[in-house]
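Heads up, the thing below is written out as structure tokens.
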Protein chains: 2
Amino acid sequence: MKYADFLNMVDDSTRAVCRRVYAENKDTIKIKKEETAIKNLEKILGAVFDITYEKGFQAMSMRDLSRRSGLSMGAMYPYFRSKEELLGIILRQGRAMLKNVFEKFKTGSERPEDRLEKVIKAHIFLSERAKPWFYFMFMEAKNLSAGERKAILESEAYTEAVIVEILEAGERAGVFRKRRHVLTASIIKAMQQEWYLKRWKYARRKVTVDEYADYVINFVNSFCLVQNSDMEAN
Amino acid sequence: MKYADFLNMVDDSTRAVCRRVYAENKDTIKIKKEETAIKNLEKILGAVFDITYEKGFQAMSMRDLSRRSGLSMGAMYPYFRSKEELLGIILRQGRAMLKNVFEKFKTGSERPEDRLEKVIKAHIFLSERAKPWFYFMFMEAKNLSAGERKAILESEAYTEAVIVEILEAGERAGVFRKRRHVLTASIIKAMQQEWYLKRWKYARRKVTVDEYADYVINFVNSFCLVQNSDMEAN
DNA sequence: GTCTATACACAGATAGAC
DNA sequence: GTCTATCTGTGTATAGAC
């Protein structure tokens, strides 16, 4: 699977995501006209990601956000009751995106080595497609209320458990070596995170997401596969 | 090399670090008595790390810091001119710790595979010894002034370059495979970061730093070392 | 050296005109 | 729906007593 294939399988365009955000928060968003709401949500969320990437969510003032989004303070607040609620909306949506993709890609193939590759790549490709969301979720996860924090941890545990399950199935099937699968899964997640946490590095070096994903798969297979026949360099 | 061996080779106890912080900032710190200064620096830095781990440096108010450190506002400010300068002092010291350890461990052994192991482990062990410093440096690196930001990037590039150099030497010596060494080095760094970014996870699972470091070395060697089957094929 | 009290800028949030 | 003007709390930093 290549990134181009992935894009054909999911619709996580900015517009589509904002439409979902609107639909799922209709009770708190005070704007009635859907088109207006989606258009402004795009401006607001885009501005949040830009500013947050530069200096973090805490350091972003609502005046910063107003300036960058092109909306006045009075025009923004009908979209959320408080800055903290805005944070919650973004994190909830981000988790939902990740979970949806995992549900879609964790099944289907029969061979464990194919399932592993699909799940790892799906995560990396989604983080490429929705880079600002992933960067945001990681960086702002620490500033959360108890409830939000719990949700993040559960989301982390879930994606890790999916990988562990695949590794165990592969060991039973005799294609993966006996390892400490929980540790392996953690390290795989670290490799995936690297992609969206150090976005500037790979952009500057002109490493594509397909190259990176293939490199990770190769790295993981060297360690996990029983017969180590990765003759293909890179 | 085990963590216990590492601890015998470096002195990065809280006290020793605070002594160095005082020595290197004597021009801006207004306290004359060294003992008083070091004692209070320990309180201040400890409180900064505690609060920052919970909610980030930006969200930490100076009143928070005063309460947690046990010093009044008036008693803290002689140690730094502003909150931003406090940030700078911590980051500068953290970079120096990392650089010192790298300089110490990157040479010595002759065989590239031993050098690689030593450098990887030294980084992980230092991050264990000085966990709050590393977590802090990673999480707060984004909120920096231009000068500080540049220094962080150079520090990143330096540690990566050391690893790349070892991988290249190993390839020339015929012990490491031909790979995209820059990508490998990036991924190794991601594995190292995992240890101090997800400290709670490994603490809860009772994974020791020696276990983690050995697992990483094993993972990396699977990918990098020329295998017996390869040599037979040649 | 360390304290308390305070200056004053800026934060998040809202009211009310249009 | 969107604007400007404004309320009120909290932030960083300092002055001056002890």
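We name chains A, B, ... by the order of the sequence lines, and we start the count at 1 in each one.
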Can you tell me the distance, in whole Å, between the CD atom of B:E85 and the P atom of D:dT14? 11 Å
Between C:dT2, C:dA13, D:dG1, which nucleotide gets closest to the side-chain atoms of B:Y79? C:dT2
Could you tell me whether the side chain of B:I187 reaches within less than 4.5 Å of the side chain of A:Y215, counting heavy atoms only? yes
Which whole-number value in Å describes the distance from B:D64 CG to D:dG11 C1'? 10 Å
Take atom CZ of B:R63 and atom P of C:dC3, then tell me their distance rounded to the nearest Å. 16 Å
Atom-pair distance (CD on A:Q58; P on D:dT12), nearest Å: 11 Å
Using a cut-off of 4.0 Å on non-hydrogen atoms, how would the nucleic acid contact of B:K33 be classed: base, sugar-phosphate, or nothing? sugar-phosphate
Atom NZ of A:K39 and atom P of D:dG1: how far apart are they, to the nearest Å? 10 Å
Given C:dG12, D:dT4, C:dC3, identify the nucleotide with an atom nearest to the side chain of B:A75. C:dC3
Atom pair distance, as rounded to whole Å: CD in A:E84 and C1' in C:dA13: 14 Å
Check ion pair B:R15-B:E42 (N to O, under 4.0 angstrom): yes
Calculate the interatomic distance between A:M73 atom CE and C:dG12 atom C1'; express it in whole Å. 6 Å
Separation of D:dT2 atom C1' from A:L71 atom CG, nearest Å, is 8 Å
Charged tip of A:K131 within 45° of A:F136 ring normal and under 6.0 Å: no
Please determine if B:K201 and B:E194 form a salt bridge, counting it only when a charged side-chain N lies under 4.0 Å from a carboxylate O. yes
Should we count CZ of A:R81 as having more than 12 external heavy atoms under 6.0 Å? no
Of C:dT2, D:dG1, D:dC3, the nucleotide closest to the side chain of A:I31 is D:dG1
Just call it for B:M76: base, sugar-phosphate, or nothing, with non-hydrogen atoms closer than 4.0 Å on any strand. nothing
Proximal nucleotide (of C:dG12, D:dC3, D:dT12) relative to the B:S61 side chain: D:dT12
Of the listed nucleotides (D:dT12, C:dG12, D:dT2), which one gets closest to any side-chain atom of B:K83? D:dT12
